[in-house]
S.K.: 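The following block contains the structure, expressed as structure tokens.
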Amino acid sequence: MAQSFDVVVIGAGPAGYVAAIRAAQLGFSTACVDEWKNDKGEYALGGTCLNVGCIPSKALLESSENYERVARKFAAHGISVAGAKMDVRKMQARKDEIVARLTGGIQTLFRKNKVAWLKGHGRLSGAGAGGEGYRIEVSAGSGTETVVASHVVIATGSTARELPGVSVDNDVICDNVGALAFRETPKRLGVIGAGVIGLELGSVWRRLGARVTILEALPTFLAACDDAVSKEAWKIFTKEQGLDIRLGVKIGQIVRGKRGVKVQFEDGEGGKSLECDKLVVSVGRVPNTNKLGAEAAGLKIDDRGFIEVDAHCRTNLPRIYAVGDVVRGPMLAHKGMDEGVMVAEHIASQAGHVDLDIIPWVIYTAPEIAWVGKTEQQLKAEGTPYRSGQVPFLASGRALGQDETAGFVKVLADAKTDRVLGVHIVSSHASELIAEAVMAMEFRASSEDIARICHAHPSLSEVMHEAALAVDKRALHL
Ligand code: FAD
Ligand code: NAI
């Protein structure tokens with residue numbers, strides 16, 4: 001007799017493990033199926049985010065930024081450090097330790113909340129006896145077991161998109177998995193795609209001494225960001241930090257040689273080639289929907305491979321939900337986690353809601369880039385009248401003290417109602433500062449609301465305060 005559960009979640013990334021924990025908290029018997037194996041060949045929870053995404057990349061960003069501080073930034077504070085060296089293997093060991101601690105932490109949370117962890121590949125295999133639930137096959141090396149679920153949550157995530165004709169070996173030609181695991185700093189690093197991964201991992205290896213060239217297909221840099229942000233980021237990353245970013249590039253043949261790799265490409269000036277020791281291909285990610293039994297089950301998938309869902313992440317099949325990277329919306333861990341909570345609460349007949357228009361984005365470069373809501377060019381295109389307040393960090397006492405004066409806060413508010421429509425930040429700690437903007441937007445605050453809130457002095461958050469004041473042309477320190 002097959003084991004049966006109220007809820008079976010397929011995928012234990014941030015969307016799936018959070019859905020499983022919340023479902024168990026709400027009193028449902030819950031299982032979570034995952035096939036991820038780490039480089040030791042052991043099953044591991046946490047998906048892309050914990051194993052080869054958010055967490056390891058942020059660990060490397062912190063280590064490499066510390067090196068940059070010692071090597072280049074501390075001098076301004078009067079600190080000179082002779083002979084600073086970077087031990088890349090130690091940096092990687094620290095990162096691996098953080099990953100192990102967090103993935104192990106999810107095992108503990110599963111035990112605490114009584115979520116059954118089913119190790120192996122999950123596949124929908126039809127309705128259970130009497131049409132009562134869905135049958136899910138879980139296949140591992142040891143064989144296949146079938147479980148029955150009253151409700152299914154699909155959280156199978158995404159994997160790196162491949163370029164046609166380019167085979168990723170994660171040694172010389174790498175996606176995110178290989179790019180997070182270099183054992184030494186490559187002398188010459190090529191990156192295809194100046195998106196989030198290209199900029200974050202390009203920054204890591206540049207700080208450690210690599211000559212980094214990024215080839216981007218689009219003619220504009222960071223096209224999804226507010227124009228003021230893209231302009232500022234371009235200046236900082238290329239002119240001040242030395243990332244060599246080429247825009248409007250068409251990639252040709254990529255040939256792996258004995259030592260490295262040669263990338264042929266065309267830009268506005270004609271045909272060129274780039275020789276590098278390692279190449280990172282970061283051209284977006286694709287949802288994991290193959291080998292899921294979706295077609296046989298009648299689950300609707302759109303033409304880009306995403307599972308079709310409504311605002312509450314319900315698929316076209318009753319009691320089957322899908323959350324995270326495998327459905328529409330930004331491919332971000334926190335968006336997936338919020339959807340995971342929402343569907344668990346929905347299954348419990350509670351109200352749950354995720355507003356896709358108020359999901360914050362952060363790019364963890366130095367300075368960081370963070371935003372929420374509409375960009376100025378979006379507001380112009382849709383004809384929404386708006387007012388804008390933009391204040392640089394240059395005049396902030398806290399930023400001066402930290403020697404982190406790059407960037408600004410820009411607040412966009414509706415011209416008639418003053419409701420905050422978008423906030424864009426370039427600065428150190430932008431990832432933390434953006435939380436205030438998200439809170440304001442979720443509570444439908446006006447720029448005047450932010451302007452009337454007391455902000456601690458001296459703090460970077462005062463620049464948010466000033467930018468809100470600047471919307472009404474009454475900034476005090478500008
Ligand atoms: P995933 O994390 O991809 O997890 C899916 C899980 O499902 C995996 O464990 C997989 O093994 C399992 N699975 C798939 N199919 C099956 C199956 N049939 N049976 C069993 N198991 C299956 N986002 C942020 O918000 N902040 C960041 O700083 C950030 N940094 C990133 C850095 C990098 C380098 C990368 C690559 C991504 C980053 N992201 C970041 C994006 C983030 O990792 C994803 O948005 C997030 O992991 C998506 O969560 P998920 O649960 O939907 O899917
Ligand atoms: P991305 O979508 O951010 O950037 C991909 C870039 O590659 C784009 O600029 C695109 O124009 C370019 N590109 C596409 N095809 C190309 C081609 N043939 N030649 C040259 N350039 C090409 O995707 P990326 O960086 O791979 O990251 C995937 C996703 O992972 C992100 O969109 C994000 O959702 C998530 N992520 C989030 C992070 C964060 O929150 N800090 C960090 C890293 C990843």
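Ligands are counted one by one from 1 in listed order, and the atoms in each one are counted from 1 as well. Starting from 1, each residue takes its place in the sequence as its number.
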S.K.: Show me which atoms of ligand 1 lie under 4.0 Å from any heavy atom of M331.
M.R.: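 Heavy-atom distances to M331 below 4.0 Å select 41 (C), 45 (O).
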S.K.: Is the contact between L215 and ligand 2 made by the side chain, the backbone, both, or neither, using heavy atoms and a 4.0 Å cut-off?
M.R.: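 Backbone only.
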S.K.: Between K250 and ligand 2, which residue portion shows a heavy-atom distance shorter than 4.0 Å: side chain, backbone, both, or neither?
M.R.: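 For K250, there is no contact with ligand 2 at all, from either part.
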S.K.: Is the ring pair H346/Y321 parallel, tilted or perpendicular, if the boundaries are 30 and 60 degrees?
M.R.: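 Correct class here is perpendicular.
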S.K.: Please write down residue, atom name and distance for the protein heavy atom closest to atom 3 (O) of ligand 1.
M.R.: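 The answer is T48 OG1, 2.6 Å.
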S.K.: List every atom of ligand 1 that sits less than 4.0 Å from any heavy atom of S57, numbering the atoms from 1 in the order shown and giving each element.
M.R.: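 Those qualifying, in numeric order: 32 (C).
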S.K.: Return a yes/no value for E200: is any of its N or O atoms, backbone included, closer than 3.5 angstrom to an N or O of ligand 1?
M.R.: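 Among all N and O atoms of E200, none is under 3.5 Å from an N or O of ligand 1.
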S.K.: Under a 3.5 Å threshold, yes or no: a donor from one side chain and an acceptor from the other, between S431 and E368?
M.R.: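 Result is yes, a qualifying pair exists.
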S.K.: For atom 21 (N) of ligand 2, which protein heavy atom lies nearest, and how many Å away is it?
M.R.: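 Of the protein heavy atoms, A217 N, 3.1 Å lies nearest.
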S.K.: Within ligand 2, which atoms have a heavy atom of V362 less than 4.0 Å away?
M.R.: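 Checking each atom against V362, I get 39 (C), 40 (O), 41 (N).
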S.K.: R285 heavy atoms, cut-off 4.0 Å: which ligand 2 atoms fall inside?
M.R.: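 Here the atoms of ligand 2 in question are 28 (C), 29 (C), 30 (O).
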S.K.: Have a look at ligand 1 and work out which part of I197, if any, has a heavy atom under 4.0 Å from it: side chain, backbone, both or neither.
M.R.: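 The part of I197 near ligand 1 is the side chain, not the backbone.
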S.K.: Looking at atom 53 (O) of ligand 1, what's its closest protein heavy atom, distance included?
M.R.: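 Here the nearest protein heavy atom works out to G157 CA, 3.1 Å.
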S.K.: Does the side chain of T103 come under 3.5 Å of the side chain of N51 through a donor N or O and an acceptor N or O?
M.R.: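 Absent: no donor and acceptor within the cut-off.
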S.K.: So which protein heavy atom does atom 7 (O) of ligand 2 come closest to, and at what separation?
M.R.: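 It is G193 CA, 3.3 Å.
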S.K.: Output the distance between atom CZ (R94) and atom OG (S63), rounded to the nearest 0.5 Å.
M.R.: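 Rounded to the nearest 0.5 Å, the CZ-OG separation comes to 4.0 Å.
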S.K.: Is I10 in polar range of ligand 1, meaning some N or O pair under 3.5 Å apart?
M.R.: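 I10 vs ligand 1: no N/O contact under 3.5 Å.
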S.K.: Is it the side chain, the backbone, both or neither of S158 that has a heavy atom closer than 4.0 Å to ligand 1?
M.R.: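 Within the 4.0 Å criterion, S158 contacts ligand 1 through backbone atoms alone.
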S.K.: Note the single closest protein heavy atom to atom 2 (O) of ligand 2, along with its residue, its atom name and the distance in Å.
M.R.: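 Result: G284 CA, 4.1 Å.
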S.K.: Distance under 4.0 Å to a non-hydrogen atom of L218: what atoms of ligand 2 satisfy this?
M.R.: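 So the atoms of ligand 2 that pass are 11 (O).
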S.K.: Before you tell me yes or no, could you show the steps for K380 and Q377 under side chain to side chain donor-acceptor pair (under 3.5 Å), namely the whole-Å CA-CA distance, both residues' side-chain angles and the distance that decides it to 0.1 Å?
M.R.: CA-CA 5 Å; K380 273 192 187 138; Q377 61 270 25; over 6 Å; no
S.K.: Look only at interatomic distance and state if M331 has a nitrogen or oxygen under 3.5 Å from any nitrogen or oxygen of ligand 2.
M.R.: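 There is such a contact, yes.
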S.K.: How would you list, by chain and number, every residue that makes a side chain to side chain contact (heavy atoms under 4.5 Å, CB included) with E240, sequence neighbours excluded?
M.R.: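 Per chain and number, E240 pairs via side chain to side chain contact (heavy atoms under 4.5 Å, CB included) with K235, I236.
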S.K.: Kindly compute the distance separating SG (C225) from CD (E232), expressed to the nearest 0.5 Å.
M.R.: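 Reported to 0.5 Å precision, the distance equals 12.0 Å.
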S.K.: Is the contact between I192 and ligand 2 made by the side chain, the backbone, both, or neither, using heavy atoms and a 4.0 Å cut-off?
M.R.: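 Looking at I192 and ligand 2, just side chain atoms fall under 4.0 Å.
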S.K.: Please confirm whether R161 comes under 4.0 Å of ligand 2, counting heavy atoms of the residue only.
M.R.: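 It does; at least one heavy atom falls under 4.0 Å.
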S.K.: Just going by heavy-atom distances, which of T156, D34, V196, V52 is nearest to atom 5 (C) of ligand 1?
M.R.: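 It is T156 whose heavy atom sits nearest to atom 5 (C) of ligand 1.
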S.K.: Provide, to 0.1 Å, the distance between atom 42 (C) of ligand 1 and the closest protein heavy atom, together with that atom's residue and name.
M.R.: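 Among all protein heavy atoms, the one nearest atom 42 (C) of ligand 1 is C54 SG, 3.8 Å.
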S.K.: Only heavy atoms of G47, strictly under 4.0 Å: list the atoms of ligand 1 that pass.
M.R.: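 The atoms of ligand 1 under 4.0 Å from a heavy atom of G47 are 2 (O), 4 (O), 8 (C), 9 (O).
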S.K.: Under 3.5 Å, N or O to N or O, is G122 touching ligand 1 that way?
M.R.: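 Indeed, backbone or side chain, G122 has an N or O that close.
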S.K.: Regarding ligand 1, does L201 bring an N or O atom to under 3.5 Å of one of the ligand's N or O atoms?
M.R.: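 No, there is no polar N/O contact under 3.5 Å.
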S.K.: Check each heavy atom of R123 against ligand 1 and say whether those closer than 4.0 Å belong to the side chain, the backbone, both or neither.
M.R.: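 For R123, no heavy atom sits under 4.0 Å from ligand 1.
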S.K.: Could you see which bit of I251 sits under 4.0 Å from ligand 2, with heavy atoms only: side chain, backbone, both or neither?
M.R.: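 Looking at I251 and ligand 2, just side chain atoms fall under 4.0 Å.
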S.K.: Mind checking whether L163 contacts ligand 2 via backbone (N, CA, C, O), side chain (CB onward), both or neither, at a 4.0 Å heavy-atom cut-off?
M.R.: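 Near ligand 2, L163 shows its side chain, while the N, CA, C and O stay back.
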S.K.: Checking contacts here: is it the side chain or the backbone of R285 that comes within 4.0 Å of ligand 1, counting heavy atoms only? Could be both or neither.
M.R.: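 The part of R285 near ligand 1 is the side chain, not the backbone.
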S.K.: For atom 44 (C) of ligand 1, grab the closest protein heavy atom and report residue, atom and distance to one decimal in Å.
M.R.: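 Of the protein heavy atoms, D325 OD2, 3.3 Å lies nearest.
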S.K.: Under 30°, 30 to 60°, or over 60°: which ring-plane class applies to F237 and F221, parallel, tilted or perpendicular?
M.R.: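 Because their plane-to-plane angle is over 60°, the rings of F237 and F221 count as perpendicular.
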S.K.: Under a 4.0 angstrom heavy-atom cut-off, which atoms of ligand 2 come close to Y364?
M.R.: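 In order of number, 41 (N).
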S.K.: Nearest non-hydrogen atom to atom 47 (O) of ligand 1 belongs to which of C49, G16, S431?
M.R.: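 Among C49, G16, S431, the closest heavy atom to atom 47 (O) of ligand 1 comes from C49.
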S.K.: Cation-pi check for F265 against K272: NZ or CZ below 6.0 Å from the six-membered ring centre and within 45 degrees of the axis, yes or no?
M.R.: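 Geometry flag: not set, cation outside 6.0 Å or 45°.
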S.K.: Quick check: does K291 get an N/O under 3.5 Å from an N/O on ligand 1?
M.R.: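 No, no N or O pair falls under 3.5 Å.
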S.K.: For atom 4 (O) of ligand 1, grab the closest protein heavy atom and report residue, atom and distance to one decimal in Å.
M.R.: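 The closest one turns out to be G13 CA, 3.4 Å.
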S.K.: Answer side chain, backbone, both or neither: which part of Y364 comes under 4.0 Å from ligand 1, heavy atoms only.
M.R.: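 The side chain, only.
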S.K.: Check each heavy atom of N176 against ligand 1 and say whether those closer than 4.0 Å belong to the side chain, the backbone, both or neither.
M.R.: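 Within the 4.0 Å criterion, N176 contacts ligand 1 through side-chain atoms alone.
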S.K.: Minimum distance, heavy atoms only, to atom 32 (O) of ligand 2: which one of F265, W361, F221 is it?
M.R.: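 Nearest heavy atom to atom 32 (O) of ligand 2 lies in W361.
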S.K.: Checking a contact table here: which protein heavy atom is nearest atom 44 (C) of ligand 2, and how many Å away?
M.R.: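 Its nearest protein heavy-atom neighbour is I197 CG1, 3.4 Å.
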S.K.: To which protein heavy atom is atom 42 (C) of ligand 2 closest, and what is the distance rounded to 0.1 Å?
M.R.: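 Looking only at protein heavy atoms, the one closest to atom 42 (C) of ligand 2 is V196 CG1, 3.2 Å.
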S.K.: Nearest heavy atom to atom 49 (O) of ligand 1: which of G324, P14, G336 does it belong to?
M.R.: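 Checking each option, the heavy atom nearest atom 49 (O) of ligand 1 is found in P14.
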S.K.: I need the nearest protein heavy-atom contact for atom 7 (O) of ligand 1: residue, atom name and distance, please.
M.R.: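 Nearest protein contact, heavy atoms only, for atom 7 (O) of ligand 1 is G11 CA, 3.3 Å.
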S.K.: Which heavy atom of the protein is the closest neighbour of atom 16 (C) of ligand 2, given with residue, atom name and distance?
M.R.: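 Closest protein heavy atom to atom 16 (C) of ligand 2: V283 CG1, 3.5 Å.
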S.K.: Under 4.0 Å between a side-chain nitrogen and a carboxylate oxygen: does that hold for K250 and E266?
M.R.: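 Looking at K250 and E266, the cut-off is not met.
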S.K.: Name the closest protein heavy atom to atom 12 (C) of ligand 2, giving the residue it belongs to and the distance to 0.1 Å.
M.R.: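 I find the closest protein heavy atom is E216 OE1, 3.3 Å.
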S.K.: Please write down residue, atom name and distance for the protein heavy atom closest to atom 5 (C) of ligand 2.
M.R.: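 Ranking protein heavy atoms by distance from atom 5 (C) of ligand 2, first comes S282 O, 3.5 Å.
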S.K.: What's the shortest distance from atom 35 (C) of ligand 1 to any protein heavy atom, and which residue and atom give it?
M.R.: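 Ranking protein heavy atoms by distance from atom 35 (C) of ligand 1, first comes G53 CA, 3.6 Å.
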S.K.: Could you check atom 21 (N) of ligand 1 against the protein and tell me its nearest heavy-atom contact, residue, atom and distance included?
M.R.: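 Ranked first by proximity to atom 21 (N) of ligand 1 is E35 N, 3.3 Å.
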